[in-house]
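Some notes on the structure that comes next.
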Amino acid sequence: MNEAHFRNINKTGEHQEENIPEESAIHCDGVVKIYFSDTSRVMALQGMDFFVKKGEVIGIIGKSGSGKSTLLNMIGGLEMPTAGKIYVNGRDLTTLKEKEMVQYRRKTIGFVWQRSARNLFPYMTVLENVKAPMYFEKGTGKERFRRAMMLLEEVGMAEQADKFPAQLSGGEQQRVAIAVALANAPSILLADEPTGAVDTGTADKIFRLFCKLNEDLGLTIVIVTHDLSLADKVQRIVRIADGKVSTEKIRRERYTGSFHDEYVVLDKANRLQLDDEILRQAGIQGKRVQVQVIDGRIVISRSSQSR
Ligand SMILES: Nc1ncnc2c1ncn2[C@@H]1O[C@H](COP(=O)(O)OP(=O)(O)OP(=O)(O)O)[C@@H](O)[C@H]1O
Ligand SMILES: [Mg+2]
């Protein structure tokens, strides 16, 4: 069985169209991604259910190989799911025609990558880099210049407009990359480890910039990161494990400050995934646990036959 075959199964209607809520920016419904090669198959996403509201800033964390980049690439329309549906602003990406998909990538989504070499053309100045994506859209030279300068102002790089990327620090390059991603006024910004190649102080500033853009422009932002201290600055943190959402942390504001409550996420079939660390702390080994309801609480404990 190959990928095309899997997609056909998908098209025959395993998933029915649902009513997607108004406030939904991104809605992944049972997304499966299998990478096929001649000799192997890798199941990068294993029935991922994932939801982002319009105007939310969320962080995605998870071990290497857990499927974070795969998820972002799917949402960005760079790859298609093997099965399942992805709705962005209410539109089902799996039904878009090629031309619609090109428009979608250009206008709805802005991407920021970890390596600035992937974000910026080295032979163009900062200003030219920000203007470059605008040439695919209508507009005069004056309008492009004004918008590019406005975006560089927004990311605090207007004074460096005439420099080349090599003349900037890693953090400055990433700020320009964010301006480039915003060139065509996308409603969603996707960032795959945007602070992976900069020091902690710079990473902190870049994170603050994302939060400022969310407040100033109402952008929906999804940031993949390895850095837990940075992830704590966003409203919601989603942990991915083995191609599925395993836990979510949601920020609550209190007069003493803000903190995150952590929740384990149930999938559609009410299955939940327990972290290795939690199992270790509870002294649970083996493949069986005992589940009981005690005083209205679900208690999971070591089974006497946990082999
Ligand atoms: N193009 C591809 N072909 C084959 N396998 C792939 C491809 N891209 C990703 N994979 C596999 O899919 C799984 C998920 O990869 P993914 O890149 O999404 O992980 P990740 O969570 O982003 O990891 P990292 O933190 O290291 O960036 C991994 O097992 C990876 O080897
Ligand atoms: Mg990755």
Side-chain angles (χ1 to χ4, degrees), residues 1-7 10 26-52 57-86 88 93-94 101 105 109-119 170 173-174 177-178 181 188-200 203 206-207 210 221-234 236-249 264-265 267 273-277:
M1 194 178 288
N2 60 20
E3 177 150 20
H5 187 91
F6 262 90
R7 282 217 200 114
N10 194 23
I26 301 165
H27 180 155
C28 295
D29 181 13
V31 172
V32 173
K33 178 66 182 178
I34 304 175
Y35 290 108
F36 292 89
S37 75
D38 289 345
T39 52
S40 68
R41 281 175 211 168
V42 178
M43 200 161 178
L45 299 182
Q46 309 200 18
M48 166 91 66
D49 297 318
F50 178 73
F51 185 87
V52 184
V57 184
I58 77 156
I60 297 187
I61 57 172
K63 288 183 190 155
S64 181
S66 56
K68 305 181 297 294
S69 298
T70 307
L71 174 66
L72 239 55
N73 289 342
M74 291 295 133
I75 298 168
L78 300 175
E79 294 185 60
M80 274 292 130
T82 314
K85 298 277 188 190
I86 302 179
V88 175
L93 293 193
T94 56
M101 187 51 101
R105 285 194 212 112
I109 299 290
F111 241 114
V112 181
W113 308 96
Q114 174 177 350
R115 284 183 300 114
S116 43
R118 194 168 174 184
N119 294 310
Q173 288 178 10
Q174 284 307 63
I178 294 170
I188 299 172
L189 193 59
L190 304 175
D192 197 350
E193 301 199 34
T195 58
V198 297
D199 64 73
T200 330
I206 292 174
F207 253 73
F210 279 121
I221 306 181
V222 181
I223 310 168
V224 168
T225 181
H226 272 120
D227 191 331
L228 286 179
S229 65
L230 291 178
D232 273 348
K233 296 195 168 53
V234 301
R236 191 153 63 94
I237 306 164
V238 174
R239 181 188 294 278
I240 294 181
D242 296 326
K244 276 189 164 199
V245 172
S246 67
T247 60
E248 274 194 26
K249 285 179 165 190
V264 176
V265 176
D267 75 5
Q273 189 168 36
L274 296 176
D275 200 57
D276 289 344
E277 181 55 23

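Every heavy atom of this structure was used, including side-chain atoms; hydrogens, water molecules and symmetry mates were not. Read the numbers this way: they start at 1 and go in the same order the structure lists the ligands and their atoms. Throughout, residue positions are numbered sequentially from 1 according to the sequence presented.
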Please work out whether the ring planes of Phe207 and Phe210 are parallel, tilted or perpendicular, with thresholds of 30° and 60°. perpendicular
Among protein heavy atoms, which lies nearest atom 17 (O) of ligand 1, and at what distance? Ser69 CB, 3.8 Å
Taking side chain as C-beta onward, heavy atoms only, is His226 less than 4.5 Å from Gln114? no
Quick check against the 3.5 Å criterion: does Lys68 have a side-chain atom that pairs as donor or acceptor with the backbone of Lys63? yes
Is a side-chain N or O of Asp192 found less than 3.5 angstrom from the main chain of Trp113, in a donor-acceptor match? no
Are the side chain of Gln174 and the backbone N or O of Pro194 linked by a donor-acceptor pair below 3.5 Å? yes
Using distance alone, decide if ligand 1 has a nitrogen or oxygen within less than 3.5 Å of any nitrogen or oxygen in Gly65. yes
Looking only at non-hydrogen atoms, which of Ala241, Gly243, Ser64 approaches atom 24 (P) of ligand 1 most closely? Ser64
Closest heavy-atom pair, Ile109 versus Ile75, reported as atoms and distance to 0.1 Å, is CD1-O, 4.1 Å
Would you mind running through ligand 1 and noting each atom that sits below 4.0 Å from a heavy atom of Ala44? 12 (O), 13 (C), 14 (C)
When you measure from atom 11 (C) of ligand 1 to every protein heavy atom, which one gives the shortest distance, and what is it? Val42 CG1, 3.8 Å
Glu193: numbered ligand 1 atoms lying under 4.0 Å from its heavy atoms: 25 (O), 27 (O)
Top protein contact for atom 9 (C) of ligand 1, by heavy-atom distance: Tyr35 CE1, 3.4 Å
I'd like to know if Glu248 pairs up with Arg239 as an ion pair, taking the criterion as any Lys NZ or Arg NE/NH1/NH2 lying under 4.0 Å from an Asp or Glu carboxylate oxygen. no
Closer than 4.0 Å: a protein non-hydrogen atom to atom 30 (C) of ligand 1: no
Judging by distance only, is a nitrogen or oxygen of Gly67 under 3.5 angstrom from one on ligand 1? yes
For Val198, is there any backbone N or O sitting under 3.5 Å from a side-chain donor or acceptor partner on Thr195? no
For His226, the ligand 1 atoms whose distance to one of its heavy atoms is below 4.0 Å: 25 (O)
Test side-chain contact (heavy atoms from CB on, under 4.5 Å) applied to Ile86 and Asp29, Leu71, Val31, the passing residue: Val31
Any N/O/S atom of Ser69 sitting less than 2.8 Å from the Mg ion (ligand 2), backbone or side chain? yes
Donor-acceptor check, side chain of Thr70 to backbone of Ala44, threshold 3.5 angstrom: yes or no? no
Within reach of ligand 1, part of Lys63 (heavy-atom separation under 4.0 Å): backbone
When distances are taken from atom 25 (O) of ligand 1, the protein heavy atom at minimum range is Lys68 NZ, 2.7 Å
Run the contact test for Gly62 against ligand 1 with a 4.0 Å cut-off on heavy atoms, strictly below, and give the result. no
Within 4.0 Å of some non-hydrogen atom of Ser66, the atoms of ligand 1 are 19 (O), 21 (O)
Atom 18 (O) of ligand 1: nearest protein contact (heavy atom, Å): Thr70 OG1, 2.5 Å
